[in-house]
Engineer: 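Shown below is the structure under consideration.
For the numbers below, each heavy atom of this structure counts, side chains included, while hydrogens, waters and symmetry mates do not.
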Amino acid sequence: MASSVNPTVRRRRLGQELRRLRELKGMTAEEVADKLLVSQSKISRLENGRRSISQRDVRDLCGVYEVEDQRVIDGLMQMAKDSRQQGWWHAFGDIPYSVYIGLETDAASLRVYEPQVVPGLLQTRAYAEAMITGALPETAQSDIDKRVQVRMRRQERINSSEAPLRLWAVLDEAALKRVVGGRQLMIEQLEYLVEMSQLPHVTVQVMPFSMGAHPGVNGQYAVLEFPDAADSSVVYIEGVTSDLYLEKANDVQKYSVMYEHLRAQALNVDQTRQFISDIAKEYAR
């Protein structure tokens, strides 16, 4: 049964703490791996939160780092236990981007640049199904349905009355001009986009073709920030067979600055709504 505990975030926090303990001990990941007779890559995966951490792993690492405070050990062991619980997305089976979903579920804010499609959190169900079907032509209908359901479930963060996700989306004009699922579907999608942009915690801007070259020409990315200061921001770059997560402060800073340039160069909020509405009218002709 899915838990309210977010296992992805627990793994990240635990990994960060284990890295801190290793660095305090003055050891390299390779030295720790030699001590435990495991691969260096395992230590790295444990520390970056990409691998489930067992309580045995925590016990062994605390032994290597000579942690004597039982309260610290107990806290780490509990985090390891929590990190192995299932988030809501596990109910849908194997989801390729489950790590990202875990991060998004716990994020306080999300800044995303999309050059080709409407961002997933702002898609209508019909647009999402048409987009997934077109992007994954050899995927079974049952898997497409599952992905659509997951996407709709993710959108609950936008409509949450308690702690809605602060979303800032910059779209390239191409995302609006790409006809996904037919003209009528696009009209409905663009009208929905305008509607969502009127929520106080959602900001949508468009980067028109007329702007020419801009900081987002290298492709899609997202910056996730979290409510707990202990959780570092993450840059997410989606790939075809694997995704990239950047957590080093310098990397996050570079992408954050790049995003500020995108926001500054894009149409403002009012101009964007008019721009989207005008394109919807073109589809209606």
Side-chain angles (χ1 to χ4, degrees), residues 4-10 12-13 49 87-89 97-115 117-124 127-128 150-172 175-176 189-207 214-216 219-238 243-247 249 251-273 275-276:
S4 59
V5 171
N6 189 324
T8 304
V9 174
R10 288 291 190 276
R12 287 188 73 225
R13 291 177 184 171
W88 64 259
W89 52 93
Y97 52 100
S98 60
V99 171
Y100 172 78
I101 295 176
L103 294 174
E104 183 187 84
T105 298
D106 209 56
S109 70
L110 172 64
R111 289 172 287 166
V112 60
Y113 169 66
E114 280 286 0
V117 301
V118 173
L121 292 178
L122 298 174
Q123 294 178 2
T124 64
Y127 181 97
V150 170
R151 190 157 301 180
M152 295 301 103
R153 176 66 184 271
R154 286 168 53 203
Q155 293 181 7
E156 291 181 8
R157 279 299 316 279
I158 301 294
N159 300 309
S160 171
S161 58
E162 296 181 2
L165 178 68
R166 175 68 177 96
L167 175 63
W168 201 305
V170 177
L171 293 71
D172 193 274
L176 309 177
Q189 173 60 71
L190 297 186
E191 289 176 345
Y192 181 70
L193 193 57
V194 171
E195 176 187 342
M196 294 298 291
S197 75
Q198 295 172 349
L199 293 175
H201 53 280
V202 175
T203 302
V204 178
Q205 291 182 261
V206 169
M207 182 70 73
H214 58 77
Q220 177 273 351
Y221 73 94
V223 182
L224 300 101
E225 297 175 318
F226 303 88
D228 194 319
D231 298 319
S232 58
S233 299
V234 178
V235 174
Y236 168 70
I237 302 173
E238 185 176 358
D243 300 326
L244 180 63
Y245 298 87
L246 305 176
E247 300 181 56
D251 292 334
V252 174
Q253 175 67 12
K254 286 181 178 178
Y255 275 90
S256 295
V257 169
M258 187 163 66
Y259 200 83
E260 291 305 308
H261 284 289
L262 278 172
R263 285 164 51 170
Q265 292 178 233
L267 299 177
N268 65 35
V269 171
D270 291 334
Q271 292 171 330
T272 289
R273 289 178 186 144
F275 192 85
I276 296 174

Engineer: Between Ser233 and Glu225 (side chain of the first, backbone of the second, donor and acceptor by atom type, cut-off under 3.5 Å), is there such a pair?
Structural biologist: no
Engineer: Parallel, tilted or perpendicular: which one describes the rings of Tyr221 and Tyr259, with boundaries at 30° and 60°?
Structural biologist: perpendicular
Engineer: Using a 3.5 Å distance criterion without hydrogens, assess whether the side chain of Ser197 forms a donor-acceptor pair with backbone atoms of Val194.
Structural biologist: yes
Engineer: Applying salt bridge (Lys or Arg N to Asp or Glu O under 4.0 Å) as the test, list every pair that has at least one member in residues 259-273; sequence neighbours left out.
Structural biologist: Arg111-Glu260, Glu260-Arg263, Asp270-Arg273
Engineer: Keeping Ser256 on the side-chain end and Val252 on the backbone end, is there a donor-acceptor pair under 3.5 Å?
Structural biologist: yes
Engineer: Taking all non-hydrogen atoms of both residues into account, name the closest pair between Asp251 and Val235 and its distance.
Structural biologist: O-CG2, 4.5 Å
Engineer: Just wondering, are more than 12 heavy atoms of other shown residues or ligands nearer than 6.0 Å to NE2 in His201?
Structural biologist: yes
Engineer: Please check: side-chain N/O of Gln220 versus main-chain N/O of Glu238, any donor-acceptor pairing under 3.5 Å?
Structural biologist: yes
Engineer: Main chain of Val206, side chain of Thr272: is a donor-acceptor contact present, judged purely on distance under 3.5 Å?
Structural biologist: yes
Engineer: Using 30° and 60° as the class boundaries, would you call the ring planes of Tyr236 and Tyr245 parallel, tilted or perpendicular?
Structural biologist: tilted
Engineer: Look only at the side chain of Gln271 and the backbone of Asn268, and say whether a donor-acceptor pair between them is shorter than 3.5 Å.
Structural biologist: yes
Engineer: Step by step, work out the salt bridge (charged side-chain N to carboxylate O under 4.0 Å, His left out) result for Glu104 and Arg154.
Structural biologist: CA-CA 8 Å; Glu104 183 187 84; Arg154 286 168 53 203; 2.8 Å; yes
Engineer: Backbone N or O of Gly120 within a donor-acceptor pair of the Arg151 side chain at under 3.5 Å?
Structural biologist: no
Engineer: So does Thr124 get a backbone contact from the side chain of Gln189, meaning a donor-acceptor N/O pair under 3.5 Å?
Structural biologist: yes
Engineer: In a check of side-chain contact (heavy atoms from CB on, under 4.5 Å) between Met196 and each of Asn159, Leu121, Val118, which one passes?
Structural biologist: Asn159
Engineer: For Gln205 and Leu267, indicate whether the former's side chain and the latter's backbone hold a donor-acceptor pair under 3.5 Å.
Structural biologist: yes
